[in-house]
Amino acid sequence: MVEASSDTAPTPSQSKSLLKRLAGPSSAKAGLTNDQSDINRIIAEASKGSKYYENEKKKDKELTERIKRLLQTQNTAMKEADLAQVESTVSHVLIELESLRDTSQIIVHIDADAFFANCELLYNPDLKGKPFGVGKGVLTTASYEARKFGVRSGMAAFIAKKLCPELILLSIHPQRYSDMSKKVMAILARYDPDMLVASCDEAYLNITEYCEQHNVTAEECVSEMRRIVQEETKLTVSAGIAPNRMLAKICSDKNKPNGQFHLPFNSQAIKDFMVDLPVRKVPGIGRVLERMLESIGVTTCGDIFTHRVSIALLDKEFGLRFMLQTYMGIASNVVRPYSREERKSIGAERTFHPLADKDKILQKLEEVAEELENDMTETGWAGRTVTLKYKLDDYQVFTRAKSFERWITKKVDLFATGKELLLPELPLKIRLIGLRVTKLKDLKLSTDSGIKRYFSGPTEQTSPRKKRKISSENNQDVDYNWQDCILLDGDEEDCKTLEDELLSLTKPASPRASAAPEGAVPTHESKPVSAKAAGKKRSIESQISCPLCGKELNTNDNQKVNAHIDFCLSREAIQEADGQLPDAKAKSKSQANAWSWFLDPKTKPRSKGK
DNA sequence: GCGGATCAC
DNA sequence: TATGGTGATCCGC
């Protein structure tokens, strides 16, 4: 049934997710204000009837249908699968993951507070205490005063004005932010010359060595770091201290703004931390995955364990391994500078007032092609595949691509290819045109860049000439990737389906330590051996004890570990059947309890009403 | 290799 | 009065 033009009174069930969707991605990730639903209502009110709104409604509906199919899949799978077997497999994976846990490195995530807004404050101190936003059509940042009204980054300016009529709107000054970013990063680099600059306002550091050498605790080190940043730049930053990047990032949000949070480095504390954490806080879990997880009863990371069988059965949709890692708070602890080789694409795109005229559209395309050529020339890239992107009047997005044998660098080629891809699609009413080049070749490779990079250090971004554009509060550079960090063997294959999980258990456990510079395995061992790394103890616990009988197991011999665990599992099952175990309920239940000493921190998943 | 979708910032 | 830009990844085909 199609709901009759819900413009007046949307169906409650569907409008809930739609209202949230309209509020934008950042409203959910950041801390909520008192009455988010009121704010969401105002936003929806202001959006109503627009093409943007209609498109969001359509996407929301499609997601609802997708979830419906998902639940059907789950239903049939639950009937047909051997649930005990699935659960056992999950248990194996959990054991294996626990054995890979590495808490030997102190990772810090630094996140500047309302970066663009606070930069503007330096240039215009009168704004202090006032609600303001940075950006023209769409806000890149909102001051903390503005946030109290529900104003968020990514929000359309006219909507923000509705939420906060007093709101002051500033235009963006990329140069200012770039300069400040460099200052901040230069300070941070004193604590880890190999730090990862994740964006213009975020960085990851490994301060293990610094703390050892200067005989300070992590907390002291980070306090000092933050104090010096504030002294030297007048900007405040927040920090998270944890044994891996995912946790550090989540922690940096905990005491924002101008605060830090230190997560204890033991397995149990980490699991206690994760159990009540909303899945949406986890990097990589966005609005869609959040809703899909919610549909199977998972809203916190603790719920992942409760619903692990469902997640395993829906591995394709959720990624079992990623979910289990998340539940356990396991992720990569590798921190190293961004390198040019890692770049995969370069592109440019522009939004404009919707155009239907062919020549005017082509003119936009040409402008984009020119921009892209300039960027490619300055940064030294060529590529073999050109992808055209266009967004229609109604916000639908399409891409069309073409590959070549030769290297593309010039505007004429970019334009001609874009034109060739676009013309067959016309006539259309278009509001955005973009071009992107992939299959890159590094034109700066065998030049002097190697030496330059050696001397310039991690804060030096790309071209020394012209700064790269900063299009929003956040910027270029890669980051995330927690997933492929803990894979058992990184070679090509996914290692994601259940079958693969089972297979992987029989493969050698050693994660191909020093081999293969392909980079796909950023576990701690793959870090290039530097003077720094050499001093560190790589204390991956190669010993764990069996959760059932307590026997010490050597995790380097996976086959033996599995044989032993299988043995204990079956023994447990037999005892249970004989009623020898005190808590002999359903087999699955008992098995869960058997692992609970390290898996199930609080047996009650969702009871805590904080 | 291509196109759609999702995600981060 | 009318919702951004850059880059990455994954899936299905």
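Only this structure's heavy atoms are used, side chains among them; waters, hydrogens and symmetry mates stay out. Below, chains carry the letters A, B, ... as their sequence lines are ordered, and counting in each starts from 1.
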* Asked: Would one find a side-chain N or O of A/Ser345 under 4.0 angstrom from OP1 or OP2 of C/dG7?
  -> no
Taken to the nearest whole Å, NZ/A/Lys316 to P/C/dT9 is 20 Å
Q) Does the side chain of A/Ser310 pick up a donor-acceptor pair with the side chain of A/Gln74 at under 3.5 Å? A) yes
Next on the checklist: Please classify the nucleic acid contact of A/Arg291 as base, sugar-phosphate, or nothing, using heavy-atom distances under 4.0 Å.
Outcome noted: nothing
Closest to the side chain of A/Phe158, out of B/dC2, C/dT9, C/dT1, is C/dT1
Next item on the list: May I ask you to check if A/Arg384 and A/Phe404 form a cation-pi contact, with NZ or CZ under 6.0 angstrom from the six-membered ring centre and within 45° of the axis?
Entry: no
Winner on side-chain proximity to A/Arg66, out of B/dC9, C/dG4, B/dA5, is B/dA5
From the candidates C/dT6, C/dG4, B/dC9, the one with an atom nearest any side-chain atom of A/Ser199 is B/dC9
Discussion item. Under 4.0 Å, counting only non-hydrogen atoms across every strand here, what does A/Arg400 touch: a base, just sugar-phosphate, or nothing?
Written reply: sugar-phosphate
Here the gap from A/Lys411 atom NZ to A/Thr377 atom OG1, rounded to the nearest 0.5 Å, amounts to 12.0 Å
Exercise for the section: Taking atom C1' in both B/dC7 and C/dG4, compute the distance separating them and give it to the nearest angstrom. Expected result: 15 Å
Of C/dT3, B/dC2, C/dG5, the nucleotide closest to the side chain of A/Ile159 is C/dT3
ask   = So, is A/Arg431 close to the C/dA2 phosphate, meaning a side-chain N or O under 4.0 Å from OP1 or OP2?
value = no
To the nearest angstrom, the CH2-P distance between A/Trp381 and C/dG7 comes to 11 Å
Using a 4.0 Å heavy-atom cut-off across all strands, classify A/Lys136 as base, sugar-phosphate, or nothing. nothing
With a 4.0 Å cut-off on heavy atoms, is A/Gly347 in touch with a base, just the backbone sugar-phosphate, or nothing at all? sugar-phosphate
Atom CG of A/Asp253 and atom P of B/dA8 are separated, to the nearest Å, by 12 Å
Rounded to whole Å, the CZ-C1' distance (A/Phe115 to B/dC9) equals 13 Å
Task: Residue pair A/Arg291 / A/Thr64, side-chain donor-acceptor N/O under 3.5 Å - done: yes
Between A/Gly137 and A/Arg436, whichever has its closest DNA chain C nucleotide further toward 5' is A/Gly137
Of C/dG7, C/dT3, C/dT6, the nucleotide closest to the side chain of A/Val138 is C/dT3
### Message
If the cut-off is 4.0 Å, is A/Ser403 near the phosphate of B/dC2, judged by side-chain N/O to OP1 or OP2?
### Response
yes
Could you tell me if A/Gln175 and A/Asp179 have a donor-acceptor pair between their side chains, going purely by distance under 3.5 Å? yes
Taken to the nearest whole Å, CG/A/Leu169 to C1'/C/dT1 is 14 Å
Quick check: any donor-acceptor pair below 3.5 Å linking the side-chain of A/Ser47 to the base of C/dT3? yes
Exercise. State whether A/Lys58 and A/Asp394 are salt-bridged, where the test is any N-O pair (Lys NZ or Arg NE/NH1/NH2 against Asp/Glu carboxylate O) under 4.0 Å.
Key: no
Check your understanding: At under 4.0 Å, does any side-chain N or O of A/Tyr395 touch on OP1 or OP2 of C/dT3?
Key -> yes
Out of B/dA8, C/dA8, C/dG5, minimum distance to the side chain of A/Glu349 belongs to C/dG5
Those residues at least two apart in sequence (or on a different chain) that pass salt bridge (charged side-chain N to carboxylate O under 4.0 Å, His left out) with A/Lys402 are A/Glu420
Between A/Ser50 and C/dT3, does any side-chain N or O lie under 4.0 Å from OP1 or OP2? no
Of C/dG7, C/dT6, B/dG4, the nucleotide closest to the side chain of A/Thr399 is B/dG4
Among the nucleotides C/dG4, B/dC9, C/dA8, whichever has the atom closest to the side chain of A/Lys249 is B/dC9
Rounded to whole Å, CG of A/Leu70 lies from P of B/dA5 at a distance of 17 Å
Whole-Å distance, A/Lys59 NZ to B/dG4 P, equals 14 Å
The nucleotide from C/dT6, B/dG1, C/dA8 with an atom nearest the side chain of A/Lys389 is C/dT6
Rounded to whole Å, the CG-P distance (A/Leu314 to C/dC10) equals 19 Å
Closest of B/dA5, C/dA8, C/dG5 to the A/Arg350 side chain is C/dG5
*Mind checking A/Leu289 for me? I need base, sugar-phosphate or nothing, with any heavy atom below 4.0 Å counting as a touch.*
sugar-phosphate
